[in-house]
Each structure stands twice: as C-alpha cells, then as structure tokens.
Trainee: 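Pasting a structure below so you can have a look.
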Amino acid sequence: MDMNEIKEIFFQECEEQLAELESGLLKLNDGDRDPETVNAVFRAVHSIKGGAGAFGLDDLVSFAHVFETTLDCVRSNRLEPNQDVLKVMLRSADVLADLTNAARDGGSVDEGRSRQLIKELEALANGELPQAAAEPAPKKAAAAPAPAPAPAATEEGFQPVAFSFDEFETSEEPTIEPSTYEIAFRPKSDLYAKGNDATLLLRDLSRLGEMSIHCNTDDLPPLDRMNPEAAYFAWKVSLKTDKGEDAIRSVFEFAEWDCELEVTLAGGDAGDAREELPMQPVPFDLSMLDEEPAAQAGADEEEDQAVARQREVRDAAVSAAETASNVVRMAQAATQAPGDGGRSASTSAAAQASASQQAASAATPTIRVDLDRVDRLINLVGELVINQAMLSQSVIENDTNGTSSINMGLEELQQLTREIQDSVMAIRAQPVKPVFQRMSRIVREIADMTGKSVRLVTEGENTEVDKTVIDKLAEPLTHMIRNAVDHGLETPEKRVAAGKNPEGTVRLTAKHRSGRIVIELADDGAGINREKVRQKAIDNDLIAADANLSDEEIDNLIFHAGFSTADKISDISGRGVGMDVVKRSIQALGGRINISSKPGHGSVFTMSLPLTLAVLDGMVVTVANQTLVVPLTAIVETLQPEASAIHSFGASQRLISIRNSFCPLVDVGRILNFRASQANPVDGVALLVESEGGGQRALMVDAIQGQRQVVIKSLEANYTHVPGIAAATILGDGRVALILDVDAIVAASRGQSLKPEMSLAAAG
Amino acid sequence: MTNAAKNLTTGGRELIAFRVGDQEFCVDIMSVREIRGWTPATAMPHAPPYMLGVINLRGAVLPIVDFSARLGMKPSEPTVRHVIIVAQVKSQVVGLLVDAVSDILTVADSDIQPTPDIASDFERTFARGVLAIEGRMICLVELDSVFPSEEREAA
C-alpha cells in the first residue's frame, strides 16, 4: 500500500468524520446536550487533525486545531453551545470540509473566510476563558501557525543556552518539578474494540518516569459469567514524573473516551479519586510470571479457553493481568537499555496491535469496496439473467411437454438469479443521508446570504437508493433548496407580518413508495404567486395573454426553460436556469417531479425516482418487425383504437379521440424510419404517454408483447447516441432491443427533427 | 515459429486477412478481439445504410458495419457463412461484417507498399497501404477511418 492509497483512505475517513461532525453539531443545535454528542463532535475534528498532521496538511491542521480548542471549551462546559456559538461552529465545519477537499483535489479555499472563522473561534475560546492559551495542546499542535514561545526567549533577545539533544526532544514541554501522580485508569471494553490496549498505554506511561502499578481484579466475574470481550481490570498507577499532568493525559489522548481516567497529584485530593474508583488496589508481583507477553486481547482469549476448566479461572485472570504488566516491565527495560529488550518489546507490541486490530475489524460490520468491482459484479449478474432467460426460452422451445426435470431446475435457477440480482442491487443501495446532509450546508449558506432565518428538517435519511441515483440527485436538489429558500420563504419581517414564525422551515423527506423513492421538499413560505407567474409567462411569450390555465398548469410553468420570477437576479438563483434544469435532470433519471402550492402556506415539490438505474420496467412492443421497449413510467394507458376514433387532420396528421378529447397519434415506426409510410392505426395498439411538456401523445405500435424488467445497456459505449432511443437492452432470445426515448419521440412528432442535440441525455 | 520469432525481432507485424466480394483486405491482428459468426442484428433508426444494426456480444451492445457497403460496394446479404470481425477502435468495440477470414499473415513493415496514386480519395482514406502476397494484392485497412467517430456522431 503506497502513500497515496493511505492518503485516499484518510480522505474517505475525513468525509465520514465531517458527516459525523455536522450531524453532531446539528443535534446540538436542536438542543441536544448529551456529553456524548459533544464528544463525538470533538472526536471528529480531532481525528481529522491527527490524520492531517500525519500527512503534513498544515492548513487543515491549523484550522482543525483552533476548532478543536473551541470545542474543548464546550466539552469541558466552559463554553455554552448556544445558537450563536453553533452558527460559528457549523460554518467552521463547512470550512473544514472545504479545506479537506482542497487538500485532496488541490483546489483553493476562501482564505479570508477561514481566517475570519479562526478569529471567531479563538474569540469564542478566549472570550469565556481567559487562560485559553494555557489549554493543553496535543503534541501535533506544535505545527500550528503560532509557535509556542520558547521558554528561554527573553526581551534581550538571543541568549545562548546549553542543551543536550536528549533534552531537546522534550524542550517544548513545560518543565515541572518532578512530582508523584496517582493515575486511576479503568478501560471500557470499547478501548479494546478500537484497537487500543491498556498495556500499550501503561508502557507509554512508564516512559514518563518511575512508576508502580497495581491491578484491580475485583470486578472479574466467575468464569461462567465472563464475557471474553469485556474489560474487567482497572489499574492504579503511581508515577513520579517531571513532565506534568498534560503529558500524562496526552498518553491517553486517543483512549480517554473509552476509559475512566483520574489523574491526581499524590497528597492532593487523591482521596477523591479513590472514592470515585470503587476498587481495592491489589499490588501484584511483576516477577511472578515469565510467560510470552500477550496482548490484553490475547489474554481475553486465554480467558475464553479457560472456560472449560473452572479451577483455572483465577490463574488465567491473574496471568492476563500479569502478561499486561509484563509488557510494561519489558518496556521499562527497553527505555533503560535500548537494545534487545527494546526490540522484543516493540515486536510484542506489534503483535498486540495486530491482534487487537483484528478484534476491532471483526467488530465493524462494513468493508470498503471499489465501486468498479461492484459494477462489474452487477454487469455479470445482468448477463447471468439474460443467459438464464435465453436458456429457459430454448428449453421451452425444444421441450414442449414441460414436465422434465430440466424445467424444474430451470425454474429454480430463475428464482436464484432473481435473488442474486436483487442482492447485488442492494449492494449499491445507499442511504440518501449524505446528500441530505449536504443540503443543510446549502440552506445555511443561502440563509446567510439572503438574511433569512431557515431551519432544515430532514426525515427518512436512511431511505436507500442506488448510488448513481444519489450522485445525480445532489444537483437538482441543490437547485430546489436554493429556490425554496430564496424564492419560497419570505423575509423574517414579512413572516412576522403574516403571523408566522420568523424562522422559516424547509422540510426534506425521503420514503419508499411502490418500488420507487419519493423525495419531498416542502417550505412554509408564501407559496407560488400565480398572478406573478402568469404575468411573467405572458411577458416571456410562454403563454398567450388570454390563455385560460388551471392553477396546476400555472404552477407547472415554473419548469419552463427561461423562466424566472425573481424581480432581481440574485447570486443564488434566478438566472432562469433553475427549475427547467431540475425537471430535465429528474427526468433523465427516469423520475417525475410535481409541484403543489398553497398561497400563504408554502409549496411542496414531490420527486419520484426509480430505485436503480440499472434496470427498468418496460413494455415490450413490436414496431415494423422490430422489438422495442417503452419505459413503463411514461405510459399512462394503452388502448386498441377503433376506426371511428381516428380522425385525419390536415395532410398527414391524425388525431385519436379518447373520452371526447383529441390526442395526436404518433406512428413510432414512421418516426424511427423503420417504415416508409404510416401504418393503419386500427391494426395496432396505441400507448398513451405523457411527456416533458405535460402534453399527451398516443404512440402507435404494432403489438404489445408484454411487460418485463429489463437490464439497461449503454448504446454510447460502442456506438453513438441515437435520437429517439434512450438505451438498449438484451431480451430473452439474446437479441438487442432498443429502449424508446419517449420525450424525444414526442418532441419529434411536434415537427422538431430528431437530432441528437434535441433529445434528452440518454439514461445512465 | 522461428519465422514469427524473427519477425518479432525485426519489427514484423501480424495481420488478419479477409475476403469481401472478390477483394482481399487485412487488419492488424492487435486490434482484433475475436471472430464470430453472423447473428441477426437489431436495426438502428436513422442509421447510414452500411450500419446493419447492433448485436449482443456477451452482454455488450456491438454495432455491426457492413464492410462491403462501407466501401461503397454492393451491400452484403448476410448469411450464417458470413463472419464478424470484432475489433477495438480507440475506446470502442465494433464489428465488421466480411465474407470470410482467409489468412493470418506475418509481414515486415517494409513489405507494405504505399497506396497507389491512382486511387480516389475515398479509397485512400481506408487504405494504409497494399501488400503483395503470393501474387495476390491485399489492402491494409485503416480501421479508424472505417469507423470515424465524427461521421458516426453525424449519422
């Protein structure tokens, strides 16, 4: 694994941490005061800082450090996380995300913004906390922009100081008179699950000075009640060191959330600590056992094995404690004489680390898989489905009685392949949460820009949908959110005047409904101003001045290209490329979008999208001896036209009357140039379709073969985009069938020629 | 075998020769993925006449060009005896319908003669050169110009 791969993993983890950070901050914003939430937020920033330090990403480190310092004030209850504080923090989280992205992709960040936020964060930390500078800064913070003034620096300037290199290593640490600390340390089982190890911590402690360790085994249950993955021991360490309490705490830097830790000066209020840890320290003899030093995890395994024999319980437990202390002893030896002892200590430490890492990875139920691999698997399964269909078909053709065992086997195979297909599709399914989370940032930014006060409520974030759909969802959703905040919601003054809460609410929900995902975006703003929309449409020549439109039709006008009601074109929205682009991209995903609006109460946009882009429900039809697939989502109804319902209109147009309304008839075979003249509609079937413009068309096909789920295959991969055709698929007989692009066909029937640039982007 | 080895060291190349009508052509073997029998293709709307349609190649959609029609000769009437040369052209995989594959040739670069001057511009775009093999004339085909990307976009 080279450095770049490790870095890539770091950035992936950063993304997760940033998501964690944001959701934690939002929880705090909603009034959650659970210390665990604060800790989670702190941890996220801390991990990013730690990783960034390892890769030398100084900008990221310095910003994260300031952020972390402020968060630490919150964590230690020195700073109340009120709305104002959280606003700064949320913006800082945004900047942190930008910095991370910049570090990954090499882009630039708004330096002014991050500097401003650093100031604000520092002000927060300092304002409430005069001695914030004395804040225990973790070691990595040494890379922070303001280097800690060296203790020796005086006003006179340069002053020669004699030093040895041994001292130099610790010169940045404050020098404190050696004093004895009592450290009470009780790991939780999480500590081991996260790959940490009490032994390693104790060994690190031992490097700080002289120490003696007592292990408390009182909590060790009888063997039959012992959980091999639980932690039962606690340690009491008395350490004589000149490094100070901060150094001791920094040993536990990555473990402090997973253990109970009490550090007190001996002779101070050590009594308190003892009370807090209800245990009787038993001194244990380091020289009692000379076994192979094993990891605490390994000790747990030992305990596990010992289950068989009750009488070995105590021994095993003692040996567990002792092996742990054994390592400590070895480590001490290593610090004293760095030689053989040092090597063996480090090898045993490495062994422990790997053992506990295994335990940790077993605890996490997820793995990272390259998306390409999943896609290849999906392709293969698609082929398996096709092959299975071909096989079934040829067996049916050759075996008419249908009773043979081959047939039964085939049926089972069919069931299996379907299950495999479903499971593979489920691998790509992801919760919409990341997209929704991104939206909260957009809401914040636009609210800041427009001076509106907005609350984003999200529901159903865990609704799962194919990753490609998620990826393509972000852009239209961003547009819509911008519109909702910019146009939908009123200014606070207007809201108060209308008797509403000055804070507007935008509600984003996702749910599954009949094999599709439905995403709803609702605002409680003023709703669509139909008069204004209508006037704008007339001004822009979209409708005739005397057009008689229903409310619904007026609402749908906002999806027209080149339509914008914003009186002033703002930075955020209103360039007239908003909603039509949204509608087009939703449709390119095989989805639909609807709007419903109530004046004074707000608007609701409802998007319905397929769960996956890899398969499609289609109607298989025949046109001029060619087999075509029409996406089922486009079809409103099918009907068998009667001669009396067909009316000629002009030279070549024909209309079909359906329940007393006339609908243009489109011969698919003619449009696609599969035949020279129009077919007789009475011989075929009409598919009533709804297209982009909202208008209905009756598509004439020769016959309907049936309804089928088909696997979408790209035509562009080896050929080129074909107007009127969205993609291809492979049918049971192994032949390629084309999937119709209904919108392009309808557009072509309006007299627009079927040119590549006219048609919609093909699926996928 | 020794001949092939010799050719490799002297920069020789292997070519696949095929027959269309009464003429012989060849393409570089490195661009050929496989050779398979003809299966009925699904017609594409608004495609040029030489574009026979697409077939299913193990789950991928493979466009088929009638080589004879592409050269402006008589369109072939595909039968099961026709073969499709599946070739890689830039990033795409395409099929070329020909009458039959006749030979695998190993030639040196120096064996390839420049396209004679008398040929019209149209033929010249397809031919990278000609080879004289045992009294036959074989035309080395430039696959890129058989499937020019601009032309297919305009199609």
Side-chain angles (χ1 to χ4, degrees), chain A residues 376 378-387 389-390 623-629 668-675 711-741 744-745 748 753-757 759 762 764, chain B residues 31-67 69-70 77-78 80 82 84-97 143-155:
Chain A
R376 234 176 62 205
I378 286 179
N379 273 337
L380 283 173
V381 171
E383 274 164 53
L384 182 69
V385 171
I386 292 161
N387 256 304
M390 284 163 67
V623 175
N625 296 324
Q626 299 284 338
T627 305
L628 293 173
V629 180
V668 175
R670 183 73 203 95
I671 289 262
L672 292 181
N673 219 4
F674 281 159
R675 55 181 156 224
V711 179
I712 297 174
K713 295 280 173 187
S714 158
L715 261 184
E716 282 90 339
N718 288 328
Y719 190 46
T720 173
H721 177 68
V722 181
I725 302 298
T729 186
I730 293 160
L731 293 178
D733 61 1
R735 288 195 57 177
V736 178
L738 302 175
I739 301 172
L740 221 54
D741 183 345
I745 296 281
S753 67
L754 214 48
K755 278 187 198 145
E757 62 270 21
S759 56
Chain B
S31 58
V32 175
R33 289 291 196 80
E34 66 181 275
I35 295 167
R36 66 193 314 272
W38 160 256
T39 45
T42 302
M44 298 300 296
H46 304 286
Y50 60 80
M51 179 56 75
L52 291 173
V54 290
I55 64 164
N56 165 25
L57 182 77
R58 289 186 300 280
V61 176
L62 183 78
I64 305 295
V65 164
D66 178 355
F67 190 69
R70 183 72 184 98
E77 282 161 21
V80 284
H82 281 76
I84 293 169
I85 296 177
V86 181
Q88 172 101 35
V89 180
K90 289 173 191 145
S91 63
Q92 296 187 318
V93 180
V94 291
L96 207 58
L97 180 83
L143 277 177
D144 283 8
S145 53
V146 178
F147 306 94
S149 48
E150 323 85 71
E151 188 160 345
R152 263 180 292 133
E153 264 156 33

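These numbers come from the heavy atoms of this one structure, side chains and all, not from hydrogens, waters or symmetry mates. So that the names make sense, note that chain A is the first sequence line, chain B the second, and so on, each numbered from 1.
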Trainee: Looking only at heavy atoms, which two atoms of A:Leu672 and B:Pro45 are closest? And how far apart?
Mentor: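 Between these two residues, the closest heavy atoms are O-CB, 3.1 Å.
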Trainee: Just how far is it from atom NE2 of B:His46 to atom CD1 of A:Ile671, taken to the nearest 0.5 Å?
Mentor: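 Reported value, rounded in 0.5 Å steps: 7.5 Å.
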Trainee: Could you state the interatomic distance from OH (A:Tyr719) to CE (B:Met51), rounded to the nearest 0.5 Å?
Mentor: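 With rounding to 0.5 Å, OH (A:Tyr719) is 4.0 Å from CE (B:Met51).
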Trainee: Identify the two heavy atoms, one from A:Glu716 and one from B:Gln92, that lie closest to each other, and give their separation to 0.1 Å.
Mentor: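 Closest heavy-atom pair between A:Glu716 and B:Gln92: O-NE2, 3.3 Å.
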Trainee: Not counting sequence neighbours, which residues clear side chain to side chain contact (heavy atoms under 4.5 Å, CB included) with A:Arg376? List them please.
Mentor: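 A:Arg376 satisfies side chain to side chain contact (heavy atoms under 4.5 Å, CB included) with no residue once adjacent residues are dropped.
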Trainee: Step by step, work out the side chain to side chain contact (heavy atoms under 4.5 Å, CB included) result for A:Lys713 and B:Asn56.
Mentor: CA-CA 10 Å; A:Lys713 295 280 173 187; B:Asn56 165 25; over 6 Å; no
Trainee: List the residues meeting side chain to side chain donor-acceptor pair (under 3.5 Å) with A:Arg675, not counting sequence neighbours, and say none if there are none.
Mentor: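 Side chain to side chain donor-acceptor pair (under 3.5 Å) check on A:Arg675 returns A:Asp667, A:Asp702.
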Trainee: Considering all heavy atoms of both residues, which atom of A:Asn718 and which atom of B:Pro63 are nearest to each other, and what is their separation?
Mentor: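 The answer is O-CG, 3.3 Å.
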Trainee: Compare every heavy atom of A:Ile730 with every heavy atom of B:Ala60, then report the nearest pair and how far apart it is.
Mentor: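 That would be N-CD1, 4.5 Å.
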Trainee: Using modelled atom types and a 3.5 Å cut-off, is there a donor and acceptor pairing between side-chain atoms of A:Arg735 and backbone atoms of B:Ile55?
Mentor: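 Judged by distance alone, no pair lies under 3.5 Å.
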